[in-house]
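Atoms within each ligand, like the ligands themselves, are counted from 1 in listed order.
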Amino acid sequence: MIKLLRYLKPYKWPLIAVILLAIGQSVANLYLPTLMSNIVTNGIAKFDTAYIWRTGIWMVLVTFGGVVCAILGIYYASQVAVGMTKLIRAALFDKVQLFSLNEFDQVSTASLITRTTNDTTQIQQVMVMILNLFVTAPITLVVGVILALNQDVELSWVLIAILPFLVGTIVFLLIKAVPLFTKMQVKLDKLNLILDENLQGVRVIRAFDRIKHEEKRFDDANIEVTNLAITVNQLISVMMPVMMFLMNISSLAIIWFGSLRVAAGTLDIGAMFAFLQYAIQILLSVLFVAIVFITIPRAEASAKRIQEVMDIDPDISDPKKPEKGGKIKGHVEFRNVTFSYHGAEKPALENISFVAAPGKVTAIIGGTGSGKSTLVNLIPRFYDVESGAVLVDKIDVRKMTQAALREKIGLVPQKAILFAGSIKDNLRFGKENATDKEMKRAVEIAQASEFIEKMPEKMDSVIAQGGTNVSGGQKQRLSIARALIRKPEIYVFDDTFSALDFKTDAKLRMALKSETKNATVLIVAQRVSTVIDADQIIVLDEGRIVGIGVHKNLMKSCKVYADIVSSQLSPSEIAKESV
Ligand code: ADP
Ligand code: MG
């Protein structure tokens with residue numbers, strides 16, 4: 001929480017306003033009982049109507065001033081709190097942009113969303129409350145006690161007697177409620193996780209008729225959150241009546257003992273009233289201090305979760321002195337690379353060494369889970385290697401800035417992702433200032449123009465959020481066009497062609513050939529037909545290279561490859577390809 005207070009900095013002036021207004025409010029509150037006591041002792045007791053009027057009007061003015069201070073105070077406090085959380089949210093978002101995929105594997109997306117929305121809102125609410133109370137309550141408490149003692153010392157025994165009960169109740173609630181706040185956020189995370197998974201997988205859930213099951217899962221999580229919230233609120237709802245009871249008891253006691261002394265003539269009736277007012281204000285400020293103490297842990301729980309994200313040191317950061325590339329363009333080299341996912345038992349890649357040269361097509365083939373995607377994800381440095389090195393243009397990727405590295409690469413990921421916006425907007429992801437001509441060319445090569453022409457608004461047709469209004473193959477082709485438009489040095493196609501029918505696949509690769517003539521091309525594939533004429537085929541099995549070479553040689557030397565081929569092609573096709 002303390003660390004997050006740095007986001008208050010830009011709000012220095014509103015903050016000062018809040019403090020000054022709070023002081024004004026306290027002065028008004030503390031001044032009123034004195035005026036009242038004056039009216040009783042100097043006005044009513046002496047039948048001085050003019051004095052009563054004068055002081056009465058003065059009291060109205062002071063009250064009015066207090067109200068104005070309170071309203072403005074809340075206004076500025078809200079401004080500070082809202083502004084502060086805006087900055088926190090922005091900082092969180094910026095931080096998450098720096099995450100490598102490793103960090104996304106660690107903190108779930110659902111949790112990141114709760115932290116950016118719910119947790120910041122918690123902080124905001126608590127900040128408003130704290131800002132309103134943290135000045136007024138202590139001033140009222142301290143000055144109130146002094147002024148009360150000034151009116152009468154003996155009645156103070158009532159306060160002294162009541163305080164232990166008050167503090168006891170507060171401490172009890174504090175101990176009970178605080179752990180629940182932390183628990184609450186965790187449960188909310190879980191709820192969000194289930195909701196997120198549900199919405200993402202809605203098609204699968206319906207297809208497999210798992211609606212009932214998912215409903216129950218959500219209900220369970222929902223009930224947990226609800227029950228916890230009820231417990232927390234029950235605890236807090238006990239506080240108000242108990243406090244009120246204690247306050248009324250003390251009023252009663254003050255009037256009781258006070259009136260005995262008034263009757264005996266040892267106490268002014270005015271002083272008694274003033275004391276009563278001070279006592280109420282003192283007890284109220286103890287209550288407010290308690291509220292602050294109860295809400296701070298709530299904010300603390302949220303602040304901790306926010307700070308956790310802020311404290312994550314992204315695995316991958318830019319080097320201080322990045323190396324500039326030389327003349328070489330598009331050279332990719334793996335030098336004895338071993339890589340494991342966070343928490344995985346065995347490495348996903350082991351001792352991978354190969355060179356992918358410009359102007360050449362390097363194909364990577366292997367069963368699912370053999371590490372093909374993992375391998376290509378190391379090139380744009382989505383993850384860092386465990387040992388060995390990935391070199392692009394003969395420079396270790398860890399020694400370049402991520403921007404410089406990724407600028408060289410046109411990646412078509414295995415799972416095509418499009419963003420809400422027009423087709424053109426999506427293509428401009430590849431190149432910001434792409435001209436219409438460039439875009440047209442890119443979609444033609446990617447074999448996407450045919451279906452785009454059929455869309456009502458052609459290139460300006462809108463892609464729905466998540467790309468739900470285009471088919472898998474269409475999405476894949478647009479995602480290829482997005483990479484092509486960059487004219488990168490290195491093309492990486494991660495299983496891009498398997499979503500396409502054989503004919504489109506062949507046509508696309510034909511068209512690509514001239515486009516990627518001078519570039520380095522890495523194609524990950526499952527289909528033999530996609531890799532068969534590559535300049536170099538790398539065969540992966542359980543994270544290791546079990547064969548590397550051209551089709552003809554691999555057929556003889558690599559059993560894994562020969563098996564894959566014979567499972568996909570007929571003997572006559574194999575014979576044809578081998579000549
Ligand atoms: P392929 O693309 O060849 O199908 P992947 O490279 O996606 O295979 O996966 C290789 C292995 O790494 C698999 O065993 C998979 O379970 C594991 N793996 C992939 N992604 C992750 C991840 N984000 N976290 C942990 N393990 C992963
Ligand atoms: Mg894959």
Discussion item. Under 3.5 Å, is there a donor on one side chain and an acceptor on the other for R89 and T85?
Written reply: no
Practice prompt. Please work out whether the ring planes of Y341 and F339 are parallel, tilted or perpendicular, with thresholds of 30° and 60°.
Written response: perpendicular
Item to complete: Over 60° means perpendicular and under 30° means parallel, so classify the ring planes of H551 and Y561, tilted if in between.
Response: perpendicular
Worksheet item: Would R428 and D425 count as a salt bridge (charged side-chain N to carboxylate O under 4.0 Å, His left out) if you check the C-alpha gap in whole Å, the side-chain angles of each, and the deciding distance to 0.1 Å?
Response: CA-CA 5 Å; R428 284 197 204 103; D425 292 336; 3.3 Å; yes
Response to the item:
Result for salt bridge (charged side-chain N to carboxylate O under 4.0 Å, His left out) between E197 and one of R210, K190, R217 points to R217
Worksheet item: Should we say atom NZ of K176 is surrounded by more than 12 heavy atoms from elsewhere, each under 6.0 Å from it?
Response: no
Worksheet item: Near ligand 1, which residues have a heavy atom under 4.0 Å away from one of its atoms?
Response: D105, Y341, A348, G367, T368, G369, S370, G371, K372, S373, T374, Y383
Discussion item. With 2.8 Å as the threshold, which protein atoms of type N, O or S lie near the Mg ion (ligand 2)? Leave waters out.
Written reply: S373 OG, Q414 OE1
Worksheet item: Are the charged groups of D505 and R527 less than 4.0 angstrom apart, N to O?
Response: yes
Discussion item. Any carboxylate oxygen within less than 4.0 angstrom of a Lys/Arg side-chain nitrogen, looking at E333 and K394?
Written reply: no
Worksheet item: Does any N or O in the side chain of E214 come within less than 3.5 Å of the main-chain N or O of I211, such that one atom is a donor and the other an acceptor?
Response: no
